[in-house]
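Heavy-atom basis, side chains included; hydrogens, waters and symmetry copies ignored. Proteins come first, then strands; the chains are lettered A, B, ... in the order of their sequence lines, and each starts at number 1. Being a predicted model, the structure only gives us computed values, none of them experimental.
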Amino acid sequence: DIVMTQSPDSLAVSLGERATINCKSSQSILYSSNNKNYLAWYQQKPGQPPKLLFYWASTRQSGVPDRFSGSGSATDFTLTISSLQAEDAAVYYCQQYLAAPYTFGQGTMLEIK
Amino acid sequence: QVQLQESGPGLVKPSQTLSLTCTVSGASITSGNNIWSWIRQPAGKGLEWIGQIYSGGSTNYNPSLKSRVTISVDTSTNHFSLNVSSLTAADTAVYYCARGLFRYLDCWGHGTLVTVSS
């Protein structure tokens, strides 16, 4: 199985500041045939299902604010929130979907400082 | 707009089989690009991918559960189902169904809590 490791496990950021969450895969999830990274990011708020933020590592899902950005390639990926808003407090998960089982990272809890 | 809704028993006894259904609206379960998935989340913990079924009927399962899990599709009612056998307390979780587009999960149900207890 591909192991996904997120860092940090939790972070507290002030409103308006930048938040950065990292995700590392145990093997490359860049598929050479189409040059796509098989990585998604999700946001989960308490009592709600996860919500897709990004797929192919950096393609923003419709309706996601542009203060969110996804980047990275091969084994190292980053989710960045450029200017934190109160509604961004949540747990964030990365997931690889290159090879089944499509494993998730352990999650990063983002709190407002 | 695609919507998914899980249904099934909230309480199941150990060693029994769990059967959950996900009813899909706003999309055909036979549409070629859609992949129908199950994911679970124990209370206060992370997400675990259980498995998926393609519109054509082929399946992939998490090896950690593979021998106990079956996912199937009912095209007549536009729903898909999850069966998990030989339940233990470790199977207690919120179970989500979701739609995969090229495997990433773009639409999720609200989830249903399943408790395994005698």
Please check if [X] and [Y] belong to a single hydrophobic cluster, counting links between Ile, Leu, Val, Met, Phe, Trp and Tyr side chain heavy atoms closer than 4.5 Å.
{"X": "A/Val91", "Y": "B/Tyr95", "value": "no"}
{"X": "B/Ile39", "Y": "B/Val69", "value": "no"}
{"X": "A/Val3", "Y": "B/Leu65", "value": "no"}
{"X": "B/Ile71", "Y": "B/Ile35", "value": "no"}
{"X": "A/Phe104", "Y": "A/Ile21", "value": "yes"}

[Y] and [X], any side-chain heavy atoms less than 4.5 Å apart:
{"X": "B/Ser64", "Y": "A/Pro101", "value": "no"}
{"X": "A/Pro50", "Y": "B/Leu47", "value": "yes"}
{"X": "A/Gln95", "Y": "B/Trp49", "value": "yes"}
{"X": "B/Tyr104", "Y": "A/Phe54", "value": "no"}

Residue [X] versus chain A: region with a heavy atom under 4.5 Å:
{"X": "B/Leu101", "value": "neither"}
{"X": "B/Tyr61", "value": "neither"}
{"X": "B/Tyr96", "value": "side chain"}

Check: For A/Arg67, does the CZ atom sit with more than 12 other heavy atoms under 6.0 Å from it, leaving out its own atoms?
Finding: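 Counting neighbours around CZ of A/Arg67, more than 12 heavy atoms of other residues, nucleotides or ligands fall under 6.0 Å, so yes.
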Next item on the list: Could you tell me the separation between the NZ atom of A/Lys51 and the SG atom of B/Cys107, rounded to the nearest 0.5 Å?
Entry: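 Those atoms lie 12.5 Å apart.
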Check: Measuring from A/Tyr102:OH to B/Asn60:CG, what's the distance to the nearest 0.5 Å?
Finding: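 It is 5.0 Å, given to the nearest 0.5 Å.
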Sort [X] into side chain, backbone, both or neither according to what part of it lies under 4.5 angstrom from a heavy atom of chain B.
{"X": "A/Gln48", "answer": "backbone"}
{"X": "A/Gln44", "answer": "side chain"}
{"X": "A/Tyr93", "answer": "side chain"}

Notebook entry, point to check: Do B/Trp108 and A/Tyr42 have ring centroids that are under 6.0 Å from one another?
Noted result: yes
Notebook entry, point to check: What residue, out of B/Glu48, B/His110, B/Lys45, B/Gln52, has the most heavy-atom pairs lying under 4.5 Å from chain A?
Noted result: B/Gln52
Item checked: Most contacts with chain A, counted as non-hydrogen pairs under 4.5 angstrom, among B/Asn62, B/Ile50, B/Leu105, B/Val94 ->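 Of the options given, most contacts go to B/Leu105.
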Note to self: For a quick test of reading the model, state the closest non-hydrogen atom pair linking A/Gln61 to B/Asp106 and the distance between them.
What the structure shows: NE2-CB, 4.0 Å
